[in-house]
Amino acid sequence: MTCFMCKGEMTNSFTTYMEDLGNCIVIIKNVPCQKCSQCGEVSYTATVVKELEKIIDGLQNSLTEIAVVNYSARVA
Ligand SMILES: [Zn+2]
């Protein structure tokens with residue numbers, strides 16, 4: 001797989017995903033991804049995107065301002 005930004009080499013890696021829901025900031029650690037070795041562009045597989053959506057959906061109504069979750073702990 002090559003990077004769609006710079007055509008660099010994409011390698012399997014882990015990243016921290018962050019999303020601002022307005023009333024809550026979600027931080028998901030250890031998310032498996034493909035990372036470009038040249039520009040650092042990150043892309044996720046469809047499976048990972050679905051899991052991220054599920055995790056975020058579950059946190060939507062939480063009253064915490066900052067939610068930090070570990071991807072590998074949520075997706076077993
Ligand atoms: Zn790149």
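Atoms within each ligand, like the ligands themselves, are counted from 1 in listed order. Computed from a predicted model, the values in this text were never measured in an experiment.
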Would you check, one step at a time, whether the test salt bridge (charged side-chain N to carboxylate O under 4.0 Å, His left out) holds for E53 with K50? CA-CA 5 Å; E53 280 174 3; K50 270 214 186 97; over 6 Å; no

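Side-chain N/O atoms of N23 and E65 include no donor and acceptor closer than 3.5 Å.
The hydrophobic clustering, which links ILVMFWY residues whose side-chain heavy atoms are closer than 4.5 Å, places L21 and V69 together.
In this structure, Q34 and C3 have side chains that are not in contact, with every pair of non-hydrogen atoms separated by 4.5 Å or more. When side chains are defined from C-beta on, T15 counts as touching Y44, because their heavy atoms get closer than 4.5 Å.
Here CD1 of I56 is found 4.0 Å from CD of E19. Values are rounded to the nearest 0.5 Å.
Around the Zn ion (ligand 1), the protein N, O or S atoms found under 2.8 Å comprise C3 SG, C6 SG, C36 SG, C39 SG.
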